[in-house]
A.B. asks: 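The following block contains the structure, expressed as structure tokens.
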Amino acid sequence: MPMAQESMKFSLIRLNNFMRDRTLKGLEGTDLKASFTPVLAALGDTDGLTVSELSHITGLDKSNVTRNIQQLSELGYIVKDSRNSPIILTHKGKDAADLIMKIQREAYDELISCLDDDERRMFIEVAAKVFGSIEGKGF
């Protein structure tokens with residue numbers, strides 16, 4: 001693998017680790033697991049999604065979404081009435097989604113704090129292009 005690709009690979013790994021570590025630190029003292037964050041963040045953005053919609057939005061397979069939904073329901077973060085019904089955040093779930101968004105926003109701000117406005121715009125454009133290219137490929 002060429003040096004630039006290797007460097008990019010390790011940069012992406014470090015980026016992922018940075019976000020994971022900040023999320024775990026922010027969730028200390030709660031009964032939330034890091035694996036819940038994509039589902040809660042998605043529902044915090046658009047409450048009332050189905051398992052299929054959550055799977056598509058989060059990139060998690062349906063079995064992982066279903067497992068998270070079951071655990072989140074048992075902990076009182078969401079309500080799901082039947083198999084195909086939309087998943088609704090409880091008050092506790094809305095507070096958790098807000099916390100997750102705050103943690104992620106602070107981590108993102110810390111991450112890009114070294115960039116000027118033009119570099120931030122370029123970063124967002126490049127990230128959108130990369131993630132747009134993998135959309136629908138099972139990621």
A.B. asks: Side-chain contact, heavy-atom cut-off 4.5 Å: Tyr77 with Leu32?
C.D. replies: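 Heavy-atom side-chain distance check passes, below 4.5 Å.
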A.B. asks: With side chains defined as the heavy atoms from C-beta onward, is the minimum distance between Arg67 and Gln71 less than 4.5 Å?
C.D. replies: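 Arg67 vs Gln71: side chains touch.
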A.B. asks: Let me check something: do Leu49 and Met101 share a hydrophobic cluster, defined by ILVMFWY side-chain heavy atoms less than 4.5 Å apart, either directly or through other members?
C.D. replies: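 Per the 4.5 Å side-chain linkage, Leu49 and Met101 are not co-clustered.
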A.B. asks: Test of understanding: with side-chain hydrogen bond (donor to acceptor under 3.5 Å, both in side chains), list the residues that count as partners of Arg120, not counting sequence neighbours.
C.D. replies: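 For Arg120 there are no side-chain hydrogen bond (donor to acceptor under 3.5 Å, both in side chains) partners, ignoring immediate neighbours.
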A.B. asks: Return the CG to CG distance between Leu99 and Leu40, rounded to the nearest 0.5 Å.
C.D. replies: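 Rounded to the nearest 0.5 Å, the CG-CG separation comes out at 9.5 Å.
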A.B. asks: Donor-acceptor pairs under 3.5 Å, side chain of residues 20-27 to any protein atom, not counting sequence neighbours: which ones?
C.D. replies:
| unit_1 | atom_1 | unit_2 | atom_2 | d |
| --- | --- | --- | --- | --- |
| Arg20 | NH1 | Asn17 | OD1 | 3.0 |
| Arg22 | NE | Glu110 | OE1 | 3.2 |
| Arg22 | NH2 | Glu110 | OE2 | 2.9 |
| Thr23 | OG1 | Met19 | O | 2.8 |

A.B. asks: If you round to the nearest 0.5 Å, how far is CZ of Phe36 from CD1 of Ile100?
C.D. replies: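 Between atom CD1 of Ile100 and atom CZ of Phe36 there are 9.5 Å.
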A.B. asks: Just so I know, are the side chains of Ile69 and Leu54 near enough to count as touching, which here means a heavy-atom distance under 4.5 Å?
C.D. replies: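 They are in contact (side-chain heavy atoms under 4.5 Å apart), so the answer is yes.
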A.B. asks: Looking at side-chain heavy atoms only, is the closest gap between Ile87 and Asp47 below 4.5 Å?
C.D. replies: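 Side-chain contact under 4.5 Å: no.
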A.B. asks: Just grab all the salt bridge (Lys or Arg N to Asp or Glu O under 4.0 Å) pairs involving residues 98-109, residues at least two apart or on different chains.
C.D. replies: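 For residues 98-109, and leaving out neighbouring residues, the salt bridge (Lys or Arg N to Asp or Glu O under 4.0 Å) pairs sorted by first residue read Lys102-Glu106.
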A.B. asks: Ignoring hydrogens, what is the shortest heavy-atom contact between Ser85 and Lys80? Give both atom names and the distance.
C.D. replies: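 In this case the closest contact between Ser85 and Lys80 is O-NZ, 3.3 Å.
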A.B. asks: Return yes if some donor-acceptor pair links the side-chain N/O of Asp61 with the main-chain N/O of Ser55 below 3.5 Å, else return no.
C.D. replies: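 Answer holds: no.
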A.B. asks: Hey, does Lys92 have a side-chain heavy atom less than 4.5 Å from the side chain of Asp31?
C.D. replies: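 When only atoms from C-beta onward are counted, Lys92 and Asp31 do touch, with a gap below 4.5 Å.
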A.B. asks: List the atom of Ala42, the atom of Ile57, and the distance in Å for their closest heavy-atom pair.
C.D. replies: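 Nearest heavy atoms, Ala42 then Ile57: CB-CG2, 3.9 Å.
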A.B. asks: Return the minimal non-hydrogen interatomic distance between Gly48 and Glu53, and the atom names on each side.
C.D. replies: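 Nearest pair, atom of Gly48 first, then Glu53: O-OE1, 4.3 Å.
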A.B. asks: State the CG-CD distance between Leu72 and Gln70, to the nearest 0.5 angstrom.
C.D. replies: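 Answer for the CG-CD pair, Leu72 versus Gln70, is 10.5 Å.
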A.B. asks: Would you mind reporting whether Phe123 and Ile112 have side-chain heavy atoms less than 4.5 Å apart?
C.D. replies: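 SC-SC contact between Ile112 and Phe123 confirmed.
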A.B. asks: Return the set of residues passing side-chain hydrogen bond (donor to acceptor under 3.5 Å, both in side chains) with Lys94 (not counting sequence neighbours), or none when no residue passes.
C.D. replies: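 Listed in chain order: nothing, the list is empty.
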A.B. asks: Looking only at atom types and distance, does a side-chain atom of Thr46 sit under 3.5 Å from a main-chain N or O of Leu43, one as donor and one as acceptor?
C.D. replies: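 Answer holds: no.
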A.B. asks: Grab the two heavy atoms, one from Thr90 and one from Gly76, that are nearest each other, plus how far apart they are.
C.D. replies: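 Looks like OG1-O, 2.6 Å.
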A.B. asks: Do Pro38 and Leu60 have side-chain heavy atoms sitting under 4.5 Å apart?
C.D. replies: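 When only atoms from C-beta onward are counted, Leu60 and Pro38 do touch, with a gap below 4.5 Å.
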A.B. asks: Test of understanding: with side-chain hydrogen bond (donor to acceptor under 3.5 Å, both in side chains), list the residues that count as partners of Asn16, not counting sequence neighbours.
C.D. replies: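 Result, side-chain hydrogen bond (donor to acceptor under 3.5 Å, both in side chains) vs Asn16: none returned.
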A.B. asks: CG of Leu15 to CG of Leu111: how many Å apart, nearest 0.5 Å?
C.D. replies: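 One gets 5.5 Å once the value is rounded to the nearest 0.5 Å.
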A.B. asks: Applying side-chain contact (heavy atoms from CB on, under 4.5 Å), can you list everything that pairs with Ser73, at least two apart in sequence or on another chain?
C.D. replies: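 Here the qualifying residues are Ile78.
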